[in-house]
Colleague: 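Provided herewith is a single structure, encoded as structure tokens, for subsequent inquiry.
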Number of protein chains: 2
Amino acid sequence: MATSEEVARLAGVSRATVSRVLNGSPRISEEARRRVYEAIEALGYEPDIVAQSLVRQRSRTLALGLFDESNGLSLTQLGLTAHYFYIDMLRYIEQEAMAQGYDLLLPSRPKGTYPENYIRSLRIRRVAGAVMLAVGVEDPRVHALLQAGIPTVFLDTMGLGSSAVYVRSDHLDGARQVTEHLLSLGHRRIAFLPGPAGNMVAMERLLGGQQAMAQAGIAVDPGLIFSSGWNVEEAYQAVCHLLEQRRDWTALVAGSDLMALGALRALHERGLRVPDDVSLTGFDDVVLSQYMTPPLTTVRQDRARMGKEAVQRLVALIEGKEHVAPLIVPTQLVVRASTAPVRPQV
Amino acid sequence: MATSEEVARLAGVSRATVSRVLNGSPRISEEARRRVYEAIEALGYEPDIVAQSLVRQRSRTLALGLFDESNGLSLTQLGLTAHYFYIDMLRYIEQEAMAQGYDLLLPSRPKGTYPENYIRSLRIRRVAGAVMLAVGVEDPRVHALLQAGIPTVFLDTMGLGSSAVYVRSDHLDGARQVTEHLLSLGHRRIAFLPGPAGNMVAMERLLGGQQAMAQAGIAVDPGLIFSSGWNVEEAYQAVCHLLEQRRDWTALVAGSDLMALGALRALHERGLRVPDDVSLTGFDDVVLSQYMTPPLTTVRQDRARMGKEAVQRLVALIEGKEHVAPLIVPTQLVVRASTAPVRPQV
DNA sequence: CTGAAAGCGCTTACAG
DNA sequence: CTGAAAGCGCTTACAG
């Protein structure tokens, strides 16, 4: 690997000049610029990123913090069905990071006491900022990041501070839309499986459903609200449980597409047909939802916009911009074949 | 952030001594060691990783190269159904990388001519090595990495050199197992949908099936071999196509679980029931396969072992070990409900 | 066993 | 406009 020293020598200038040319310094003679570029070309030179990071006191690297650390490593959780939605968002984060010239880093897990060491691990790597995806508000990193003043963008989590913003979907409105859709099909006795109890996102998705029901003058039956983890398995079991207790409902609003998949299996096992006997809806619009049998009616989250805007906001924070505003991204109902008009009472 | 300078001052020693203590140098007095550790503790010191990387001429970072660059960025492809299998393997790669104290890096995409710039981008970041997952042999990075002598481990791709090894599944044997299973159920007219034409892995999976058939004294009908991309959609279409032409087969061996999902949909649309009318098998054993309707008979790849051994081998290469051997990991048949004895001829 | 010094490859005031 | 020098925070021969 050539160094700036060699480039300077070949171009007949100093290392300072080479550096200035590369960093777009204003006062450089055309002659010098030309010679430097020729030398760079001839030597195939590219500045050492590590050396740059050291002297600039900051790398062009964004730390990726995915999911709750308490539940294990980042990528580890990517494989959990509970997180399928985020797999797809990562691509947009990567895309925009690349566009802005930032590397993405999964820092080796720090040992020892948690929040302090996490911050320190980012500091000693000189990361420019952090993208936190689907970490719970109670995750110790949230507070630590806000406190440390490390530029951070939170996805879904509502972290906010002088150096942090969030980007999230309008979960409530999405839930309202899908519930209104069911109401318009004549469903009145609707069961809800919004997600984990106490989880903010699950709560909003439930609330949206309740609002739609209220607007139609219908009260949600508390006995038809079940909570479970975000994954297939727990949703499956929750629906099995529900089915053992009651069958007097005609539609089920699941908190995610993968939960709907679990529900689908439970319904299927009991000989209930979707949408003939029960209408079923999901949330997220993961790729798979159109390959379920039947294809799933769901709510699309605009991952592309979320990922892109998240990185753009993070870069703004890194560059010291003020008043970087959080963003709520609209959601959209996607009607497929898992919902149908309620059957006339027999 | 405290520096080694401050630690040295507080401990009353030189920076050299601080460094030696931290790097486990043999000849250090107990007294010095103790004082240094006290100072480290008091200041919450941890060495600057960037500075270390610069002076050591190598970072503790592994570059992650996922999938074919020609088709876009890395994480971008993670969301493609064709790659669902790898999502799960990443976790084991991460796990072992962390265990060995390495960060994982997704380098910002280099612009310009391809193979040279890719190598350069790794060099200027001083990455210690590279994990290449599911890149095609024709991917320009493969040859460039081998040539450049950067420690590399290839997953699936059979890259091999003085500084590179590979780890892959025994695809052939897996395909043989699953085909033998179908044969033992009485199936004789078996259709194969192994994957993309010309793809090495797809070829092995087909070959395994053919071998099993041959051993049973049955020739594979060339008209029952169809190729398609690894994703749900293309598999779906290939099977639609197949169904339009012929229905004289009783089992379908798909090249992956997601392809089986596409097949399932095609079969379902034509009113064919699995496994009553057609037995169907997949490959990979992704999480979802047990949630398909019916749960899928498939071949399990040992991702845990693959990911772990891959990183261990890479670290061995980085540390200059010689004779690091490639690894073929055994595969295993997993029987679920999508296969059944062939129905007596009507 | 330990310190002073050099050096990793850059950038950036400071002069001129 | 441009160069010499200092410095980013470490590590590692070289002496002693």
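Just so it is clear: chains get the letters A, B, ... in the order the sequence lines come, proteins before strands, and each one is counted from 1. Side chains included, hydrogens not; waters and symmetry mates left out as well; all remaining heavy atoms used.
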Colleague: Does dG9(D) have its OP1 or OP2 closer than 4.0 Å to a side-chain nitrogen or oxygen of Q52(B)?
Modeller: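 Q52(B) to dG9(D) OP1/OP2: no side-chain N or O under 4.0 Å.
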
Colleague: Nearest to the side chain of R126(A), which nucleotide is it out of dC8(D), dT2(D), dG9(C)?
Modeller: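 So the side chain of R126(A) is nearest to dC8(D).
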
Colleague: Of the candidate nucleotides dC1(D), dG3(D), dG9(C), which contains the atom at the shortest distance from the side chain of R27(A)?
Modeller: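 Per side-chain heavy atoms of R27(A), the pick is dC1(D).
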
Colleague: For S14(B) and dA4(C), is the shortest distance between a side-chain N/O and OP1 or OP2 below 4.0 Å?
Modeller: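 The answer is no; no side-chain N or O of S14(B) sits under 4.0 Å from OP1 or OP2.
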
Colleague: Does Q57(B) make a side-chain N or O approach to OP1 or OP2 of dG7(C) shorter than 4.0 Å?
Modeller: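 False: Q57(B) side-chain N/O out of range (4.0 Å or more) of dG7(C) OP1/OP2.
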
Colleague: I want to confirm an ordering. Mapping V55(A) and E31(B) to their closest nucleotides on DNA chain C, which one lands closer to the 5' end?
Modeller: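 The residue whose closest nucleotide sits nearer the 5' end is E31(B).
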
Colleague: So for R20(B) and dG3(C), does any side-chain atom that can act as donor or acceptor lie under 3.5 Å from a complementary atom in the base?
Modeller: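 Such a pair is found, so the answer is yes.
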
Colleague: Using a heavy-atom cut-off of 4.0 Å across all strands, would you classify R33(B) as base, sugar-phosphate, or nothing?
Modeller: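 The residue R33(B) makes no contact with any strand.
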
Colleague: Flag yes if more than 12 heavy atoms outside E31(A) fall under 6.0 Å of its CD atom; otherwise flag no.
Modeller: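 Enclosed.
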
Colleague: Categorize S19(B) for me: base, sugar-phosphate, or nothing, with a 4.0 angstrom heavy-atom threshold over every strand shown.
Modeller: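 Base contact.
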
Colleague: Indicate whether the side chain of D156(B) and that of Y86(B) have a donor and an acceptor atom separated by less than 3.5 Å.
Modeller: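 There is such a pair (donor and acceptor under 3.5 Å, judged by atom type) between the side chains of D156(B) and Y86(B).
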
Colleague: Identify whether NZ of Lys or CZ of Arg in R303(B) sits under 6.0 Å from the centre of the six-membered ring of Y92(B) and within 45° of that ring's axis.
Modeller: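 Ring-cation test returns no.
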
Colleague: From the options dT2(C), dC8(D), dG9(C), select the nucleotide whose nearest atom is closest to the side chain of A32(B).
Modeller: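 In terms of side-chain proximity for A32(B), the closest of dT2(C), dC8(D), dG9(C) is dT2(C).
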
Colleague: Choosing from dG9(D), dT12(D), dT2(C), which nucleotide comes nearest the side chain of D48(B)?
Modeller: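 Closest of the options to the side chain of D48(B): dG9(D).
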
Colleague: Students often get this wrong, so: under 4.0 angstrom with heavy atoms, is I28(B) touching a base, only sugar-phosphate, or nothing?
Modeller: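 Contact class for I28(B): sugar-phosphate only.
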
Colleague: Scan V13(A) against the nucleic acid and name what it touches under 4.0 Å (heavy atoms): base, sugar-phosphate only, or nothing.
Modeller: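 Sugar-phosphate only.
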
